[in-house]
Amino acid sequence: MAGDRSVLVRRRVGMVFQKPNPFPTMSIRDNVLAGLKLNGLSANDPTTLVQRCLQQAALWEEVKDILDRSGSSLSGGQQQRLCIARCLALEPEMILMDEPCSALDPIATAKIEELIRELREKYTIVIVTHSMQQAARVSDYTAFFYLGDLVEYSDTDTIFTKPANPRTEDYLTGRFG
């Protein structure tokens with residue numbers, strides 16, 4: 001019974017990992033559809049679904065003519081957006097992102113951050129980041145954790161301009177961390 005619930009939760013929550021993880025033996029197209037297949041689901045119109053997800057992930061224009069190439073042939077930033085497209089194919093309610101830009105150059109990071117700003121209109125997105133600048137740029141709300149404990153949670157502007165907890169202020173001003 002508990003196993004059935006965890007499968008249902010996983011279908012409602014998408015995950016994008018720190019390191020892009022396209023399936024190397026699969027084409028770009030098959031990478032987008034992989035989540036459906038792994039969950040025993042299918043798309044009524046796979047071609048339209050692949051295009052929609054790649055468009056949502058701001059990758060369609062870059063790959064529309066090479067959909068049969070391996071997903072691992074793409075750049076790091078493109079691979080991360082491919083993994084986001086794969087996540088979107090399952091139409092989750094929430095997307096968890098673990099340091100989604102940590103291995104990316106500034107241009108790829110800017111593309112992912114813009115994508116996050118667009119996707120948050122439709123999805124709840126939770127990001128784990130050590131980049132205070134990134135949190136300030138893309139978050140509506142921010143939680144500061146220290147040694148596994150929640151220190152403070154508020155809207156992002158408040159956290160960064162008037163934190164209530166001295167430990168939060170110390171971290172933000174570089175006094176520790």
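Since we're looking at a predicted model, the values are computed, not measured.
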Check whether any side-chain N or O of T156 sits under 3.5 Å from a backbone N or O of S139 as a donor-acceptor pair, and report yes or no.
yes
Closest non-hydrogen contact found for R69 with S73 is CB-OG, 3.9 Å
Can any side-chain N or O of N31 pair as donor or acceptor with the backbone N or O of M26 at less than 3.5 Å?
yes
For the CG atom of L115 and the CD atom of Q56, what is their distance to the nearest 0.5 Å?
9.0 Å
Hydrophobic cluster membership, I66 vs V50, 4.5 Å side-chain cutoff:
yes
Would you give the length of the straight line joining atom OG1 of T124 to atom CG of L119, rounded to the nearest 0.5 angstrom?
11.5 Å
Can you measure from CD1 (I95) to NZ (K122) and round to the nearest 0.5 angstrom?
9.5 Å
Quick one: does Q80's side chain have a donor or acceptor within less than 3.5 Å of a partner on P100's backbone?
yes
Polar contact flag, side-chain donor to acceptor under 3.5 angstrom, T129-S131:
no
Parallel, tilted or perpendicular: which one describes the rings of Y141 and Y153, with boundaries at 30° and 60°?
parallel
Nearest 0.5 Å, what's the NZ-CG distance between K111 and D105?
9.0 Å
If you draw a 6.0 Å radius around CG in L150, do more than 12 non-hydrogen atoms from other residues or ligands fall strictly inside?
yes
Counting N and O atoms only, with roles assigned by atom type, does the side chain of R120 sit under 3.5 Å from a partner on the main chain of I125, one being a donor and the other an acceptor?
no
Does V32 reach the side chain of L67, with side-chain heavy atoms less than 4.5 Å apart?
no
Assigning hydrophobic clusters by single linkage (Ile, Leu, Val, Met, Phe, Trp, Tyr; side-chain heavy-atom cutoff under 4.5 Å), is L147 placed with V128?
no
Atom CG of L59 and atom CG of L82: how far apart are they, to the nearest 0.5 Å?
6.5 Å
Using modelled atom types and a 3.5 Å cut-off, is there a donor and acceptor pairing between side-chain atoms of E169 and backbone atoms of P163?
no
Backbone N or O of W60 within a donor-acceptor pair of the Q51 side chain at under 3.5 Å?
no
Indicate yes or no: at least one non-hydrogen side-chain atom of V16 is less than 4.5 angstrom from one of D98.
no
Could you tell me the separation between the CG atom of L33 and the CD1 atom of I28, rounded to the nearest 0.5 Å?
12.5 Å
Are C83 and F17 side-chain neighbours, meaning at least one heavy-atom pair lies under 4.5 Å?
no
Nearest heavy-atom neighbours spanning P92 and G14
CB-N, 3.5 Å
Among the clusters formed by ILVMFWY side chains lying less than 4.5 Å apart, do I112 and L96 turn up in the same one?
no
Given the side-chain rings of Y146 and Y171, with only the six-membered ring counted for Trp, is the space between their centroids under 6.0 Å?
no
With a 4.5 Å cut-off on side-chain heavy atoms, are M97 and I84 touching?
yes
On a heavy-atom basis, which atom in A34 and which in R86 lie closest, and how many Å separate them?
CB-CD, 4.1 Å
Taking all atoms of both residues into account, what is the closest heavy-atom pair of P20 and G76, and its distance?
CG-O, 3.6 Å
Derivation of the salt bridge (charged side-chain N to carboxylate O under 4.0 Å, His left out) call for E114 and R117:
CA-CA 5 Å; E114 179 59 31; R117 284 189 285 276; 3.4 Å; yes
Quick one: are Q134 and T109 in side-chain contact, heavy atoms under 4.5 Å?
yes
Does E152 use its side chain to pair, donor to acceptor, with the backbone of T168 at less than 3.5 Å?
no
Run the side chain to side chain contact (heavy atoms under 4.5 Å, CB included) test on L90 and L36 for me, step by step, so that the C-alpha distance in whole Å, both residues' side-chain angles and the decisive distance to 0.1 Å come before the verdict.
CA-CA 6 Å; L90 286 168; L36 291 173; 3.7 Å; yes
If you look at every heavy atom in A135 and F160, which pair is closest and at what distance?
CB-CZ, 4.1 Å
What I want to check is whether the side chains of Q133 and R137 have a donor and an acceptor closer together than 3.5 Å.
no
Quick check on the hydrophobic clustering: are Y123 and V13 connected, directly or via other members, by side-chain heavy-atom contacts under 4.5 Å?
no
For F144, does its backbone N or O pair with a side-chain atom of R167 as donor and acceptor, under 3.5 Å?
no
Do the side chains of L74 and L104 join up, straight or via other hydrophobic residues, at under 4.5 Å, putting them in one cluster?
no
Backbone of P24 reached by a side-chain donor or acceptor of S70 within 3.5 Å
yes
Quick one: does Q79's side chain have a donor or acceptor within less than 3.5 Å of a partner on N21's backbone?
no
